[in-house]
Amino acid sequence: MGTPAARPTVATVCRIDFGSVRLLADDGREFEASVPAKLRGARKALGNAVVTGDRVALVWDHERALVERVEPRRNVFSRRAAGEREEEQVVTANLDQVVIVAALQRPDFSHGLVDRVLVQCERAGIPALLVLNKTDLDSRQETEALLTEYARAGVTGLATCAVSGRGVDAVRDACAARRTMFVGHSGVGKSTLLVGLMPDVVIAQGEVNDVTGKGRHTTSAAVLYRPAPDTELVDTPGVRAFALWGVEAGDLVEYYPELEPLAGGCRFSDCRHDREPGCALRAAVARGEVGERRFASYCKLRDELAEGFH
Ligand code: GDP
Ligand code: ZN
């Protein structure tokens with residue numbers, strides 16, 4: 001210690017701990033730093049003040065690193081925090097892309113989650129990739145139809161079988177030299193896929209905090225791994241419910257890239273794309289140019305947003 005190289009002045013947040021942050025230096029060393037009160041939110045919790053993926057500037061107090069400043073974020077992936085209050089939860093900052101992992105079966109494919117995450121990515125300007133896992137269970141021959149439907153929405157899709165490793169190389173290629181966040185319902189095979197992508201890295205399971213007895217990595221925390229010097233994968237806890245943040249019912253169509261250019265073509269400028277005559281969106285669905293299920297999930301999400309639940 002003592003040389004500048006031994007004490008990094010900048011680092012990347014790889015996970016949020018109870019009251020402190022774990023950091024990854026550019027040379028790959030992992031260490032802990034505390035976050036002074038001036039950077040914390042009103043409730044003293046770290047909240048959104050420092051999140052996984054943040055780049056932070058450090059000062060050192062003897063052997064102890066202190067976060068001095070969070071560098072400006074180039075983007076954030078957010079969701080609405082659980083609970084009654086309208087609150088943003090920043091999940092990860094500074095992403096190159098998001099991989100949505102979904103299963104064909106067990107659990108059944110969910111347009112609800114996939115489309116919500118796509119909307120949130122679109123709003124944040126973060127490219128998204130759909131990984132359809134458990135293709136070995138595709139008794140209904142759905143994989144191709146789903147990939148085609150999402151390709152029409154401008155989303156690249158890949159098919160995998162994480163247990164056999166089929167298709168995993170293509171996911172690894174897509175993640176090379178980027179920072180990618182992984183999100184999916186519990187049970188879709190995200191952990192299996194991540195182990196396949198980085199077999200040498202030990203993936204943190206939901207550890208239990210000694211003080212609170214609560215799962216530490218099971219509720220909100222995202223964990224960043226760096227399996228190669230220029231490649232970072234961010235794991236997030238399995239989702240049960242995903243609520244949108246910062247999207248209004250009236251704006252939702254802007255975040256459906258295949259619907260947005262059509263919206264101006266409806267006969268009525270205030271068309272709700274419901275039963276109105278001359279609806280350009282429904283016409284495109286009828287012609288097979290827009291996926292029926294994507295349109296149905298758009299309508300459902302819009303109605304939910306309009307009614308106030310998300
Ligand atoms: P996670 O909750 O998304 O992290 O899911 P896991 O990786 O823990 O996987 C959930 C279950 O699905 C486990 O029993 C896995 O072995 C299984 N699984 C994962 N990938 C596949 C797959 O491609 N095909 C099949 N049939 N099962 C899989
Ligand atoms: Zn319309």
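Because the structure is a prediction, the values reported are computed rather than measured. Ligands are counted one by one from 1 in listed order, and the atoms in each one are counted from 1 as well.
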For this session: Would you kindly specify which portion of V163 sits under 4.0 Å from ligand 1, judged on non-hydrogen atoms: side chain, backbone, both or neither?
Result: both
Exercise. Counting each atom of ligand 1 from 1 as listed, which ones have a heavy atom of A162 under 4.0 Å away?
Worked result: 20 (N), 22 (C), 23 (O)
Problem set entry | Distance flag for atom 13 (C) of ligand 1, protein heavy atom under 4.0 Å | no
Exercise. Taking it one step at a time, do R55 and T12 satisfy side-chain hydrogen bond (donor to acceptor under 3.5 Å, both in side chains)?
Worked result: CA-CA 5 Å; R55 186 81 173 157; T12 299; 3.2 Å; yes
Exercise. Angle at the Zn ion (ligand 2) between SG of C271 and SG of C266, to 10°?
Worked result: 110°
Exercise. Within a radius of less than 6.0 Å around CD of E248, do more than 12 heavy atoms belonging to other residues, nucleotides or ligands occur?
Worked result: no
Problem set entry | Q97 (side chain) donor-acceptor with A174 (main chain) under 3.5 angstrom | yes
Problem set entry | Close side-chain approach of L194 to Y225, heavy-atom, < 4.5 Å | no
For this session: Give a yes or no on whether a salt bridge exists between E276 and R267, defined as a side-chain N under 4.0 angstrom from a carboxylate O.
Result: no
Exercise. Does ligand 1 have any atom that is closer than 4.0 Å to a heavy atom of S186?
Worked result: yes
For this session: Could you tell me whether D235 and R15 make a salt bridge, using a distance below 4.0 angstrom between a side-chain N and a carboxylate O?
Result: no
Exercise. Nearest to atom 2 (O) of ligand 1, what protein heavy atom do you find, and at what distance?
Worked result: G187 N, 2.7 Å
For this session: Report yes or no: does G184 have a heavy atom closer than 4.0 Å to ligand 1?
Result: no
For this session: Could you pull out the atom name of the N/O/S atom in H273 that is nearest the Zn ion (ligand 2)?
Result: ND1
Exercise. What's the shortest distance from atom 4 (O) of ligand 1 to any protein heavy atom, and which residue and atom give it?
Worked result: S191 OG, 2.5 Å
Seminar exercise, completed: Judged by heavy atoms only, the candidate from H185, R106, K190, K134 nearest atom 27 (N) of ligand 1 is K134
For this session: Considering heavy atoms of the protein only, find what lies nearest to atom 20 (N) of ligand 1 and give residue, atom and distance to 0.1 Å.
Result: N133 ND2, 3.2 Å
Exercise. Side chain, backbone, both or neither: which part of T192 has a heavy atom under 4.0 Å from ligand 1?
Worked result: both
Exercise. What class does the angle between the rings of Y256 and Y298 fall in, given that below 30° is parallel, 30 to 60° is tilted and above 60° is perpendicular?
Worked result: perpendicular
Exercise. If you count the non-hydrogen atoms of other residues, nucleotides and ligands that lie under 6.0 Å from CD in E71, is the total more than 12?
Worked result: yes
For this session: Provide, to 0.1 Å, the distance between atom 24 (N) of ligand 1 and the closest protein heavy atom, together with that atom's residue and name.
Result: D136 OD1, 2.8 Å
For this session: Compare G189, A103, A159 and give the one whose heavy atom is closest to atom 9 (O) of ligand 1.
Result: G189
Exercise. Without hydrogens or angle criteria, can the side chains of S34 and R64 be said to hold a donor-acceptor pair below 3.5 Å?
Worked result: yes
Seminar exercise, completed: In short, E232 meets R179 closest at the heavy-atom pair OE1-NE, 2.7 Å
Exercise. At a 4.0 Å threshold, what atoms of ligand 1 neighbour a non-hydrogen atom of L137?
Worked result: 26 (N)
